[in-house]
Amino acid sequence: MANYWLMKSEPDVYPYSQLVIDGSTHWDGVRNYQARNIMRDDMKVGDLVLYYHSNTKPPHVAAVARVSREGYPDHTSWDINGKYYDEKSSPEKPRWIMVDIEPVCELPNIISLNSIRENDRCEGMLLIRKGQRLSVQPVEEIHFDAILDMVGMAREEL
DNA sequence: GCCAACGTTGGC
DNA sequence: GCCAACGTTGGC
């Protein structure tokens with residue numbers, strides 16, 4: 001049983017177009033325990049991911065990606081010169097976890113946060129809950145399908 | 001640039 | 001274990 005996720009990235013930092021260029025990427029730098037636990041325990045190879053661009057106008061879902069490698073230690077956490085360094089993490093006792101994702105397809109149009117908010121079928125989504133800011137979050141299947149439907153797509157076509 | 005919401009840290 | 005202070009996220 002596949003699961004569905006939403007991952008946030010700032011387009012200034014790592015837009016979906018870069019994922020297409022790279023072919024796949026390791027989702028490093030997540031330093032939130034809840035998000036880490038999701039990547040460590042719940043994300044499986046083949047799971048589909050809504051690729052969300054945050055901190056941009058308008059914030060939006062841009063594409064669909066797929067988990068291509070399950071949770072493993074985030075090596076940037078012990079790179080003392082990197083910006084994601086955490087002194088409490090080491091190769092022997094890694095504290096932070098990442099997954100790999102690969103591109104699936106760009107949406108024909110972006111789906112703005114506002115339009116998601118206005119879509120009755122998206123009611124209850126974590127993304128539009130007040131104060132919610134998890135950068136890796138679960139998406140229910142009905143919501144995943146509702147999002148795709150907003151651009152005339154269906155899961156079976158992916 | 002502002003600021004609300006939330007998470008983390010550390011003193012007690 | 002509480003909670004004030006601080007830092008971050010991310011929409012607006």
Side-chain angles (χ1 to χ4, degrees), chain A residues 3-22 25-43 47-67 70-101 103-140 142-151:
Chain A
N3 290 308
Y4 303 90
W5 311 98
L6 179 143
M7 296 172 100
K8 297 179 184 174
S9 182
E10 299 187 24
D12 289 347
V13 178
Y14 197 86
Y16 180 74
S17 55
Q18 189 62 46
L19 179 62
V20 173
I21 292 167
D22 293 343
T25 197
H26 43 85
W27 206 255
D28 61 8
V30 173
R31 297 292 178 265
N32 170 283
Y33 288 107
Q34 217 179 328
R36 178 202 67 180
N37 293 348
I38 288 172
M39 292 197 289
R40 184 188 61 194
D41 305 331
D42 301 327
M43 295 181 88
D47 284 356
L48 293 171
V49 176
L50 295 174
Y51 199 101
Y52 180 85
H53 284 157
S54 65
N55 249 312
T56 187
K57 285 184 181 177
H60 61 270
V61 175
V64 177
R66 180 192 290 123
V67 177
E70 281 163 29
Y72 62 106
D74 180 347
H75 57 78
T76 66
S77 65
W78 55 76
D79 172 8
I80 196 161
N81 295 314
K83 66 171 181 168
Y84 296 128
Y85 176 65
D86 178 350
E87 59 176 6
K88 291 174 181 156
S89 187
S90 66
E92 295 73 32
K93 284 193 90 176
R95 169 175 292 211
W96 301 108
I97 297 292
M98 59 189 177
V99 297
D100 287 357
I101 64 169
V104 172
C105 76
E106 190 164 16
L107 302 181
N109 306 291
I110 65 164
I111 302 174
S112 71
L113 179 59
N114 255 333
S115 66
I116 293 172
R117 228 179 239 129
E118 288 166 1
N119 185 343
D120 291 341
R121 291 174 63 196
C122 294
E123 198 181 338
M125 270 188 83
L126 224 49
L127 180 69
I128 52 178
R129 188 174 298 175
K130 184 177 171 166
Q132 182 298 128
R133 37 173 232 201
L134 257 190
S135 63
V136 177
Q137 56 181 256
V139 174
E140 289 176 41
I142 50 165
H143 292 146
F144 191 90
D145 288 342
I147 296 279
L148 287 187
D149 195 36
M150 290 171 77
V151 287

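Order of the sequence lines fixes the chain letters, A, B, ..., with proteins taken first and strands second; residue numbering starts at 1 for each chain. Below, each value reflects all heavy atoms present in this structure, side chains not excepted, and no hydrogens, waters or symmetry copies.
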* Check salt bridge (Lys or Arg N to Asp or Glu O under 4.0 Å) between A:Arg31 and all other residues, then give those that pass, not counting sequence neighbours. => A:Asp74
* **Qualifying residues under salt bridge (Lys or Arg N to Asp or Glu O under 4.0 Å), relative to A:Arg133, sequence neighbours excluded** => none
* Can you check whether A:Trp96 and A:Tyr72 have ring centres sitting under 6.0 Å from each other? -> no
* Per-nucleotide protein contact string for nucleotides 4-10 of chain B (B base, S sugar-phosphate only, - none; heavy atom under 4.0 Å) -> -BBSS--
* Asked: Under a 4.0 Å heavy-atom cut-off, which of residues 12-19 of chain A touch DNA chain B?
  -> none
* Does a nitrogen or oxygen in the side chain of A:Arg129 sit under 4.0 Å from OP1 or OP2 of C:dG11? -> no
Any [X] side-chain heavy atom under 4.5 Å of [Y] side chain:
| X | Y | value |
| --- | --- | --- |
| A:Asp22 | A:Tyr14 | yes |
| A:Cys122 | A:Ile147 | yes |
| A:Met7 | A:Val99 | yes |
| A:Leu50 | A:Phe144 | yes |

* Asked: In whole angstrom, what separates A:Leu134's CG from C:dG11's P?
  -> 13 Å
* To do: Under the side chain to side chain contact (heavy atoms under 4.5 Å, CB included) rule, collect the residues that match up with A:Asn55, sequence neighbours excluded.
  => A:Glu10
* Is the backbone N or O of A:Leu134 less than 3.5 Å from a side-chain atom of A:Gln132, with the two atoms forming a donor-acceptor pair by type? -> yes
* To do: Check A:Val64, A:Leu48, A:Ile111, A:Val61 against A:Leu148 for a side chain to side chain contact (heavy atoms under 4.5 Å, CB included) and give me the one that passes.
  => A:Val64
* **Net bend of the helix from B:dG1-C:dC12 to B:dC12-C:dG1, end axes of five pairs each, nearest 10 degrees** => 10°
